Amino acid sequence: MKHSLSKVIFPIILSALLLAGCQSVSTSVSSSTPSHPSTVTTPVPPSPASEESSPAATDTPEQSPIDTTKEYSDLSFLTADQQELYRVAYDAKDGLYGMGDNLMYLWGYRPVLDDNEAVVYIDEDYVLYDANFYEFSNHIHQIFTDSFLANSDYSVKFIDYDGNVAVNYSLKKDMVYGTTIQVNEAFPDTYRLVCSSESSIDFTLISHYDRNGWNGQNDSIDVYTIEYPIRMIKLSDGWRIDEFHTTMFG
């Protein structure tokens, strides 16, 4: 049977109400357009005795005035729902930015096999999965906004093939140079709250890397940081991530 690939175009839905969200945004982060990550000077490891403790999780975002210089060791400045949204997005990173089959296996989908128990390939670059495309699309749109997905590789990596999901198995991003186990253990991710309102929240992911690249356990590390903007917005049916980055993929 002859099949054809169908193109998926996701409309960009932006509510005018969201434009009145965060008012006091840091100069390094833009609330209207995607921001470029910024490189910061080498950090000094915090002393456990002097490190400022993070606030307890609350049911509402932290209100003004906001100390935009304060670094958090966790996401306790987010509500429980926002923390869960971030966790789900973070878990999806290996499939969204890395190999697409990582996301399929994470969500319980498996490849379609032919009569010889071999994986079914579509147009050489795609593997066919036993996954309803509508259900898969709805799932990921409960995490990310239409505009975020439209500006990512999502619509090319995951396509609708006769109602099922076909995944491009070769499309992936490289990890950021300097992402090592040593530096990640010594300098975990930290965060800085930029602004918060009832309709949106912006914060910064502070990622740590080693300028010396991949080293042995006994080698010295030369740490530097890159700051990435993260943005969540509230739609009529809940929160979505509108801008997203990870330490591993930038």
Side-chain angles (χ1 to χ4, degrees), residues 3-14 29-39 85-112 119-179 189 202-205 207 209 226-233 235 239-250:
H3 300 286
S4 62
L5 297 176
S6 60
K7 298 181 180 179
V8 181
I9 301 177
F10 293 104
I12 299 176
I13 305 173
L14 292 178
V29 180
S30 170
S31 62
S32 58
T33 58
S35 304
H36 297 290
S38 58
T39 303
L85 176 63
Y86 186 87
R87 183 196 66 77
V88 172
Y90 183 85
D91 288 346
K93 71 182 187 307
D94 291 331
L96 193 63
Y97 296 127
M99 300 293 290
D101 58 356
N102 290 322
L103 183 60
M104 304 306 290
Y105 275 83
L106 176 68
W107 289 355
Y109 300 118
R110 297 295 181 266
V112 173
V119 172
V120 175
Y121 290 90
I122 306 298
D123 287 358
E124 297 183 359
D125 293 327
Y126 289 84
V127 173
L128 186 63
Y129 275 79
D130 186 16
N132 179 277
F133 185 82
Y134 173 80
E135 293 178 357
F136 175 81
S137 175
N138 183 66
H139 190 169
I140 202 164
H141 279 81
Q142 294 298 311
I143 305 169
F144 301 99
T145 63
D146 294 348
S147 59
F148 171 83
L149 293 172
N151 286 285
S152 71
D153 293 331
Y154 165 74
S155 63
V156 178
K157 183 178 289 188
F158 305 94
I159 63 172
D160 182 354
Y161 186 82
D162 286 351
N164 280 359
V165 180
V167 180
N168 189 308
Y169 61 85
S170 61
L171 184 61
K172 64 182 182 67
K173 293 182 64 176
D174 294 329
M175 289 191 299
V176 178
Y177 179 81
T179 305
D189 292 344
D202 292 81
F203 61 96
T204 301
L205 164 66
S207 301
Y209 303 97
I226 298 179
E227 298 188 353
Y228 299 104
I230 309 291
R231 179 174 172 81
M232 297 180 179
I233 62 175
L235 303 182
W239 288 88
R240 301 289 189 279
I241 290 181
D242 193 47
E243 185 166 8
F244 186 65
H245 299 271
T246 69
T247 296
M248 182 178 293
F249 295 106

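Bear in mind the structure is a predicted one, so any value in this text is a computation, not a measurement. Computation of the quantities below employed the complete heavy-atom set of this structure, encompassing side-chain atoms and omitting hydrogens, waters and symmetry-equivalent molecules.
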Discussion item. Apply side chain to side chain contact (heavy atoms under 4.5 Å, CB included) to residues T247 and L205 and explain how you reach the verdict.
Written reply: CA-CA 8 Å; T247 296; L205 164 66; 4.2 Å; yes
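- At a threshold of 4.5 Å between non-hydrogen side-chain atoms, the residues K172 and F249 do not count as touching.
- Here the closest heavy-atom approach between residue V176 and residue G250 is recorded as CG2-N, 3.5 Å.
- Shown here is D125, whose CG atom has more than 12 heavy atoms of other residues, nucleotides or ligands within 6.0 Å.
- Between Y169 and Y121, the ring centre distance stays below 6.0 Å.
- Using a 4.5 Å cut-off on side-chain heavy atoms (C-beta onward), L96 and I140 make contact.
- Taken from NE2 in H141 to CZ in F136, the straight-line distance is 10.0 Å, to the nearest 0.5 Å.
- F244 pairs with exactly one of I230, T145, I143 by the side-chain contact (heavy atoms from CB on, under 4.5 Å) rule, that one being I230.
- Distance check, rounded to the nearest 0.5 Å: CG of D160 to CG of D162 gives 7.5 Å.
- Listed for the N168 side chain is a donor-acceptor partner under 3.5 Å among the backbone atoms of S170.
- Taking the side chain as every heavy atom from C-beta outward, D202 and P229 never approach each other to under 4.5 Å.
- Using a 4.5 Å heavy-atom cutoff, the side chains of S207 and D189 are in contact.
- Atom OH of Y86 and atom CE of M232 lie 8.0 Å apart (nearest 0.5 Å).
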Fill in: CA sep, side-chain torsions, deciding dist, call: L149, S155, side chain to side chain contact (heavy atoms under 4.5 Å, CB included)
CA-CA 7 Å; L149 293 172; S155 63; over 6 Å; no
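- Side-chain atoms of L171 and V156, non-hydrogen and from C-beta on, do get closer than 4.5 Å to each other.
- Between R240 and Q142 the shortest side-chain heavy-atom distance falls below 4.5 Å.
- Around the OH atom of Y105, the shell of radius 6.0 Å holds more than 12 heavy atoms that belong to other residues, nucleotides or ligands.
- Here the closest heavy-atom approach between residue A89 and residue F144 is recorded as CB-CZ, 3.8 Å.
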Discussion item. Under the criterion side chain to side chain contact (heavy atoms under 4.5 Å, CB included), I'd like the reasoning laid out for R231 against F148: C-alpha separation, chi angles, the key distance, then a yes or no.
Written reply: CA-CA 10 Å; R231 179 174 172 81; F148 171 83; over 6 Å; no
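- Heavy-atom minimum distance, G100 versus K157: CA-CD, 3.8 Å.
- In this structure, CD1 on I159 lies 7.0 Å from CG on D123, to the nearest 0.5 angstrom.
- In this structure, K173 contributes its side chain and M248 its backbone to no donor-acceptor pair below 3.5 Å.
- The distance between the ring centers of Y126 and Y161 does not fall below 6.0 angstrom.
- A distance of 9.0 Å separates CG of L103 from OH of Y109, quoted to the nearest 0.5 Å.
- Residue I122 holds its CD1 atom at 12.5 Å from OH of Y129, rounded to the nearest 0.5 Å.
- Checked against side-chain hydrogen bond (donor to acceptor under 3.5 Å, both in side chains), Y209 has the following partners two or more places apart in sequence or in another chain: Y228.
- No donor-acceptor pair closer than 3.5 Å links the side chain of D94 to the backbone N or O of N102.
- By the ring pair (Phe, Tyr, Trp, His ring centres under 6.0 Å) test, Y90 is found to be paired with no residue, residues two or more places apart in sequence or in another chain being considered.
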